[in-house]
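Scroll down for the structure; my scribbles are underneath it.
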Amino acid sequence: MPELPEVETYGRYFARHALKRRIERVDVRDERILGETRKDAFVRRLRGRTFTRVRRHGKHLFIDAEGVWLHLHFGMTGDLAFYRDVRKEPRFARVVFDFDDGSHLAFEDMRLFGVVDLIDDPDAFIAAHRLGRDPLDSKFGADDFRELVRKRRGAIKAQLMSQALVAGLGNLYVDETLYETGINPKRSVEKLKDAEVRAVFETMRKIVRKPDRRLPREQGERCPKCGGTIKRAVVAGRTTYFCAQHQK
DNA sequence: TTCCATGTTCCGCA
DNA sequence: TTGCGGAACATGGA
């Protein structure tokens, strides 16, 4: 279930469990998770190394492995599992790292939309993939956000989903952000007042910091904020829930 | 059996 | 040029 807040949690989990242990063995259970990276190169470059620090940008995790960076993207169903007892290995483990102290870290991903590969430089990766600012970046402010939004057109939902504008929001937290801000997901950004753009920014920040889920994802439910009716629609190609009464 | 799914990317069209 | 719909990727759950 990975959007930015979950990936942040995975990053902390990785850091808590898998740093400073020597990688004794790298087992690629399903090569499709590696994308373009070749399996033998992946194994060869990581074996014997140690993960030393974790970085996150949007939904991407980068782990420094002494000269090369492990890059993780969790797709729709990616997750991490750290364990000592091999019977705890997840059913859909795609890559497993065995550490020299007998512990294991698995990247699991049922649907295989995730990616596990190696890159040389996270900043170059972020630039090459046109990833926008990270909402948790303390140097990213409401004025910066407004300037970015003013260069865009189209539905506010589509804009917030775009990883090139802001990196890290997905379908759920975009819906939550607009629900809390009281803005209809179909509203085009040209029609948003500066104060509304600012409010979207502040709400987005609050939600990725403390990811509350308040919007019911079911058509016809009562809105917990105003008692209105929750509607289901397709916006920006994704299933969207919103309150027909207070989101204008 | 059919539909749906918290992501990304690519193609074609407007 | 930008945005969007639709498809594709792969798989399980309701």
Side-chain angles (χ1 to χ4, degrees), chain A residues 1-11 13 28-37 56-62 71-80 90-95 106-117 119 125-132 134-136 148-180 184-192 204 207-221 230-242:
Chain A
M1 35 173 157
E3 296 183 38
L4 189 155
E6 291 77 30
V7 177
E8 174 72 15
T9 302
Y10 297 165
Y13 182 85
V28 178
R29 302 284 167 78
D30 193 318
E31 289 188 46
R32 290 173 295 177
I33 202 73
L34 297 182
E36 303 291 296
T37 301
R56 182 193 55 74
H57 188 94
K59 301 173 194 173
H60 299 261
L61 233 45
F62 307 101
H71 165 235
L72 304 180
H73 190 278
F74 296 87
M76 299 266 270
T77 52
D79 201 353
L80 295 173
R91 180 173 165 201
F92 297 103
R94 307 303 188 181
V95 176
F107 182 95
E108 60 171 314
D109 185 7
M110 179 182 83
R111 285 172 69 185
L112 285 164
F113 287 175
V115 175
V116 177
D117 61 4
I119 62 167
F125 179 93
I126 290 163
H129 290 261
R130 306 264 186 276
L131 296 179
D134 188 285
L136 289 183
L148 292 170
V149 168
R150 288 303 176 219
K151 293 177 191 161
R152 300 291 197 119
R153 285 177 294 148
I156 178 65
K157 168 147 184 173
Q159 294 309 320
L160 292 177
M161 293 281 292
S162 164
Q163 303 298 298
L165 180 72
V166 165
L169 297 191
N171 198 29
L172 259 58
Y173 291 121
V174 167
D175 280 2
E176 292 290 336
T177 297
L178 295 173
Y179 173 77
E180 290 298 330
N184 188 299
K186 297 190 205 90
R187 277 273 294 286
S188 59
V189 291
E190 306 96 290
K191 292 184 179 167
L192 292 179
M204 168 184 81
I207 285 189
V208 294
R209 281 212 188 93
K210 193 171 178 301
D212 290 332
R213 293 268 308 272
R214 300 185 62 204
L215 166 64
R217 295 190 78 73
E218 191 160 359
Q219 170 124 280
E221 285 285 297
I230 300 300
K231 297 272 192 200
R232 180 186 197 273
V234 174
V235 183
R238 306 300 303 272
T239 300
T240 301
Y241 293 91
F242 65 101

- Using modelled atom types only, decide if a donor and an acceptor are shared between the side chain of Glu3(A) and the backbone of Lys59(A) within a distance under 3.5 Å. no

- Indicate whether the side chain of Lys157(A) and that of Asn171(A) have a donor and an acceptor atom separated by less than 3.5 Å. yes

- Message: If you define the side chain from C-beta out and look only at heavy atoms, does anything of Pro90(A) sit under 4.5 Å from Asp79(A)?
- Response: no

- Query: Just how far, in rounded Å, is P of dT6(B) from CG of Asp175(A)?
  - Reply: 9 Å

- For the pair made of CE in Met161(A) and P in dT6(B), what is the distance, rounded to whole Å? 8 Å

- Task: For Phe92(A), report the nucleic acid contact type (base, sugar-phosphate, nothing); a contact means any heavy atom under 4.0 Å.
- Result: sugar-phosphate

- Specify the separation, in whole Å, of atom CG of Leu112(A) and atom P of dT8(B). 16 Å

- Just how far, in rounded Å, is C1' of dT8(B) from CD of Glu3(A)? 13 Å

List every contact pair, protein side and nucleotides 3-5 of chain B side both N or O, where the distance is under 3.5 Å.
{"residue": "dA5(B)", "atom": "OP1", "partner": "Arg232(A)", "partner atom": "NH2", "Å": "3.4"}
{"residue": "dA5(B)", "atom": "OP1", "partner": "Thr239(A)", "partner atom": "OG1", "Å": "2.8"}
{"residue": "dA5(B)", "atom": "OP2", "partner": "Thr239(A)", "partner atom": "OG1", "Å": "3.0"}
{"residue": "dA5(B)", "atom": "N3", "partner": "Arg111(A)", "partner atom": "NH1", "Å": "3.2"}

- Do any N or O atoms from the side chain of Arg94(A) and from the backbone of Met110(A) form a donor-acceptor pair under 3.5 angstrom? yes

- Considering just the side-chain nitrogens and oxygens of His73(A), establish if one lies under 4.0 Å of OP1 or OP2 belonging to dT8(B). yes

- Query: Salt bridge between Arg91(A) and Glu108(A), side-chain N to carboxylate O under 4.0 Å?
  - Reply: no

- Less than 4.0 Å between a side-chain N and a carboxylate O, is that true for Arg56(A) and Asp134(A)? yes

- Rounded distance (Å) that lies between atom P of dT6(B) and atom CD of Glu176(A): 13 Å

- Is any side-chain heavy atom of Phe62(A) closer than 4.5 Å to a side-chain heavy atom of Ile126(A)? yes

- So does Asp30(A) pair up with Arg32(A), basic N to acidic O under 4.0 Å? yes

- Note on the structure: Whole-Å distance, Glu36(A) CD to dT8(B) C1', equals 14 Å

- Message: For the CE atom of Met161(A) and the CD1 atom of Ile156(A), what is their distance to the nearest 0.5 Å?
- Response: 12.5 Å

- Query: So where does chain A start and stop touching DNA chain C, 5' to 3', when the test is distance under 4.0 Å to a non-hydrogen atom?
  - Reply: dT2(C) to dG12(C)

- Lys59(A) vs dT6(B): side-chain N/O to OP1/OP2 distance below 4.0 Å: no

- Taking C-beta and beyond as the side chain, do Leu160(A) and Val166(A) meet within less than 4.5 Å on heavy atoms? no

- Message: With ring-ring contact (aromatic ring centres under 6.0 Å, His included) as the criterion, how do His60(A) and Phe125(A) come out once you've worked through the C-alpha distance, each side chain's angles and the decisive distance to 0.1 Å?
- Response: CA-CA 10 Å; His60(A) 299 261; Phe125(A) 179 93; 5.3 Å; yes

- Query: Quick one: stems for DNA chain C, with Watson-Crick or G-U pairs under 3.5 Å, at least three in a row?
  - Reply: B:2-5 with C:11-14, B:7-14 with C:2-9

